[in-house]
J.: 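Have a look at this one before I ask anything.
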Amino acid sequence: MSTPHSSSTSSAPHRASPPQIPESLTLAATASSGSPSSSSASGMRDAAEDDSDSPPSQMSEDDPGGGGGGGDRWEPDLRGGNGGTGRWAPPDQVLENVLESVLEFLTAARDRNAASLVCRSWYRAEAQTRRELFIGNCYAVSPRRAVERFGGLRSVVLKGKPRFADFSLVPYGWGAYVSPWVAALGPAYPRLERICLKRMTISDDDLDLVAKSFPLFRELSLVCCDGFSTAGLATIAGRCRHLRVLDLIEDYVEDEEDELVDWISRFPESNTSLESLVFDCVSVPFNFEALEALVARSPALRRLRVNHHVSVEQLRRLMARAPQLTHFGTGAFRSEAAPGGGLSVTELATSFAASRSLVCLSGFRDVNPEYLPAIYPVCAKLTSLNFSFASLTAEELKPVIRNCINLRTFWVLDTVGDEGLRAVADTCSDLRELRVFPLDASEDSEGSVSDVGLQAISEGCPKLESILYFCQRMTNAAVIAMSKNCPDLVVFRLCIMGRHRPDRITGDPMDDGFGAIVMNCKKLTRLSVSGLLTDKAFAYIGKYGKLIKTLSVAFAGNSDMSLQYIFEGCTKLQKLEVRDSPFSDKGLLSGMNYFYNMRFLWMNSCRLTMRGCKDVAQQMQNLVVEVIKDHSDDEGEAEIVDKLYLYRSLAGPRNDAPPFVTLL
Amino acid sequence: MEIDADNLSATELRLGLPGTSSSSDGVTRKPSPSVGAKRALDDTRSETSGTSPAAGADDDHDAAAAPATKAQVVGWPPVRAYRKNTFQAAAAAAKRKAEQQGGLYVKVSMDGAPYLRKVDLRMYKGYRELREALDALFTNSVSAAAAAEGGGDHQHALAYEDKDGDLMLVGDVPWDMFISSCKKLRIMKGSEAR
């Protein structure tokens, strides 16, 4: 926990170092902060709002040299409850004003949560100065409570459905509606600038309310959301005159082709403040001329990702209008003309050569490989390349990747095979993040990459921090090699697509491989396991996975001991997702003492019964226990529970649950 | 038991026997009923839930029971729907392109014309080109019919027979959908079409 440190007597502001506080005030601070913190109890409960995913804090003690978030100059801000007449106010009021000024500099949620626990006065000061609110589970706290606590929010981040909703495991209509939030935030924070949502449902009416409620609105980011259409986008474009960021990432946009709205034309006709426009998931055709004109009058635009209705000829026009782009999503990357005609590769290459600031390329949704050489001029500067929608062979990839010497992030399809991955390993020694997706995402697919590719990557990319790897064939040896060659791994997600597959050479379970990962990768916080796994794997995970926050388990383990190992061993566990594993009520109950320290537990298709779930619900009053059914049969206590979702909450059972959700 | 159930389901009449899957929810993949399941299996249940205790045994059992008809489990492998849908669309487009190597010839009949013609639907990009081509093919018959009518109604309606044998008006559905379902074309005299 960071505290204002007593400083030298100098009160002159320093640049790029934590702000100095005059000594007299720090002494006063320590004097009055001795009062018992009765708010610590509520503060502990408020840990439900804790941002466990936050980036490392900027001012905590283990981050040397981190500057404050408030900029270079420290200006005493004597606003506050007293209206600026601090000199005549009682000492604790002065203190609160000063505290607020100081706390302005804390940006990371973890630091703020810690500061709010010190005492009531710090709690209040922190609540007034927090600018960004992160809520990892929208049902963990009610909008009313958030609005009551925080006085001056500028930015709200909300996450809704559990992650397994991405894989069709959460029935339609389950919840995570943003409406009550928008309704509460609107009157409370007229100066709100930013809303980021993940896995929530936001309707066109909600978008309309956002546009109406927040005249200074600057940034809308929707990831894996649904419920809205181009009509809603038109409202945002048209009414949010200060919009800087409109990022639509993997949303499901409801549109019938005959009801399309030309939302791109709705942006202000004068120069806009747009910095980022990402709409590759809006898969319907759009008005290209309007986009070209918009780009031309958006001098601050740095990130543009278009959908697949854009040809290379049109890309050229866009690049001519926006040579300052840093992030570019290229749409389909093919010509609109018949084969043999259309833009030449050389002409396209000239356009790329002129885009001197490009560091990130994506798109390539229906790529014509003949056009790939056009990106050679920018490859050496690229730090991020996303080919994960481009069905390329190793031969098509090699000449491109050979130039990408500074690549840090690379997403690709498994069509490039082990050979393609070897080429990546040969060139991209600085690689930090790799994701290899399957073209054919089915269990019986051939699978084009294997342990060979993984081994090659581990040898060529020692700085790797994050990997997601889909394959059909894997060996413990390759996984062990990666654990040793890539000690900086923070995220390790291996998906052997065929269920219960053992080591392809030895026939052993994959226990030792994953065991080595948790043993050797000391920074690991996120792990997804697959393949044939016994309880032994989870014994390793519990014993060594002390920093693991997110764990995904599927078709693994042989008894309840696995769950027990996890709960007892992984002390930092926040999110546990389990599917199709032989865990029963006994395993569930072994976690009783740990559920409140977690954000949520999801279990589907295991061996849980209503009896077990009810036991948990009865003993833990501050958890919400949801049982989601596919069938309406009610067989009572012995009934096998198909889907269990339990989470800590200050708000109690929600009132918007659909009929197929039972709140215990 | 799982083996028997599999064979049973392959031969049974679909009269909604309890414990077996119904096809009413539109499951396109072949489902395998789980042993002892009391409820109808729908496509949101995973194949392995409620079956034998050990995960390892499950695998052997599954492999032995239904090698060719292994049901796809919902949400596995864990690839987002967004990504899957993107590739489905692309795969469908690629398939259509592959099919485009062959022609799609359909008969065209015109009321009053002595013989029929055949056209390759793949040669045309849309309805306008098709109409123009048909006009060109049948101009003689048109003028002949007009002369016979004695200056009557020259309007012709273009209709087609679809997969189900129904007579449909050309132009209602997107072109791609049309060429995949059109079996025969028929140019009808204006008076008949009204």
Side-chain angles (χ1 to χ4, degrees), chain A residues 163-169 171 224 249-252 257 281 283 308 365-366 388-389 391 413 437-445 470 493 495-502 509 528 530 532-534 552 554-559 579-582 604-607 630-631 633 635 640 642-643, chain B residues 18-19 22 25 29 34 36-63 66-94 97 125 172-174 176-177:
Chain A
R163 193 180 74 101
F164 274 12
D166 291 348
F167 316 126
S168 312
L169 288 171
C224 297
I249 298 167
E250 297 199 31
D251 305 306
Y252 180 73
E257 291 239 3
C281 65
S283 55
H308 63 276
R365 299 246 161 179
D366 192 14
S388 69
F389 289 98
S391 182
L413 275 184
F437 293 96
L439 174 67
D440 181 4
S442 65
E443 284 187 79
D444 314 315
S445 66
F470 283 85
R493 295 155 70 190
C495 180
I496 303 169
M497 294 192 281
R499 288 171 276 158
H500 310 129
R501 290 229 176 144
S528 294
S530 61
L532 180 64
L533 292 170
T534 71
S552 295
F555 305 101
N558 21 29
S559 80
R579 65 169 295 174
D580 292 282
S581 299
N604 76 277
S605 312
C606 299
R607 307 250 175 86
D630 290 324
H631 313 279
D633 315 11
E635 294 181 4
I640 300 266
D642 189 41
K643 293 170 186 169
Chain B
S22 65
D25 54 1
R29 305 200 165 88
S34 57
K38 290 178 187 163
R39 310 177 199 93
L41 197 67
D42 69 7
D43 64 349
T44 61
R45 275 192 94 78
S46 107
E47 183 189 66
T48 60
S49 65
T51 52
S52 50
D58 247 351
D59 189 37
D60 297 338
H61 219 198
D62 285 346
T69 59
K70 194 167 182 179
Q72 299 285 346
V73 173
V74 171
W76 186 263
V79 170
R80 280 192 189 148
Y82 176 71
R83 176 169 288 279
K84 276 191 182 161
N85 293 344
T86 306
F87 285 116
Q88 263 172 19
K97 230 178 272 176
K125 287 211 204 94
D172 288 334
V173 299
D176 289 328
M177 202 187 290

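So that the names make sense, note that chain A is the first sequence line, chain B the second, and so on, each numbered from 1. Just so it is clear, the model here is predicted, and its values are computed rather than measured.
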J.: How far apart are the closest heavy atoms of A:Leu413 and B:Phe87, and which atoms are they?
T.: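 Where A:Leu413 meets B:Phe87 most closely, the heavy atoms are CD1-CZ, 3.5 Å.
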
J.: For a quick test of reading the model, state the closest non-hydrogen atom pair linking A:Ile496 to B:Trp76 and the distance between them.
T.: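 Nearest pair, atom of A:Ile496 first, then B:Trp76: O-CZ2, 3.8 Å.
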
J.: Taking all non-hydrogen atoms of both residues into account, name the closest pair between A:Arg579 and B:Gly75 and its distance.
T.: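 Result for this residue pair: NH1-O, 3.1 Å.
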
J.: Given the rule in the side-chain contact (heavy atoms from CB on, under 4.5 Å) test, do B:Thr86 and A:Glu250 qualify, once you have shown the distances and angles that lead to the verdict?
T.: CA-CA 11 Å; B:Thr86 306; A:Glu250 297 199 31; over 6 Å; no

J.: A:Asp440: which residues meet the side-chain contact (heavy atoms from CB on, under 4.5 Å) condition with it, sequence neighbours left out?
T.: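 Partners of A:Asp440 under the side-chain contact (heavy atoms from CB on, under 4.5 Å) test: A:Ser442, A:Ser445.
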
J.: Taking OH in A:Tyr252 as the centre, count heavy atoms belonging to other residues, nucleotides or ligands within less than 6.0 Å. Is the count above 12?
T.: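 Atom OH in A:Tyr252 is not packed in, count stays at 12 or less.
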
J.: Under 4.5 Å heavy-atom distance to chain B, tell me which part of A:Ile249 shows up: side chain, backbone, both or neither.
T.: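 It is neither, since no heavy atom gets under 4.5 Å.
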
J.: Please look at A:Cys224 and chain B and tell me whether the side chain, the backbone, both or neither of the residue comes under 4.5 angstrom of a heavy atom of that chain.
T.: side chain

J.: So, for B:Val74 and A:Ser168, which heavy atoms are closest and what is the spacing to 0.1 Å?
T.: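 Reported closest heavy-atom pair: CG1-O, 3.7 Å.
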
J.: Looking at A:Phe437, A:Phe470, A:Phe167, which hits side-chain contact (heavy atoms from CB on, under 4.5 Å) with B:Pro77?
T.: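 It is A:Phe470; the other options fail the test.
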
J.: Which bit of A:Ser388 is near chain B, if near means a heavy-atom gap under 4.5 Å: side chain, backbone, both or neither?
T.: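 Both backbone and side chain.
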
J.: Which atoms form the tightest heavy-atom contact between A:Phe555 and B:Val73, and what is the distance?
T.: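 Scanning both residues completely, I find the closest heavy atoms to be CZ-CG1, 4.1 Å.
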
J.: Below 4.5 Å, heavy-atom pairs only: which of B:Lys84, B:Arg83, B:Arg80 has the largest tally toward chain A?
T.: B:Arg83

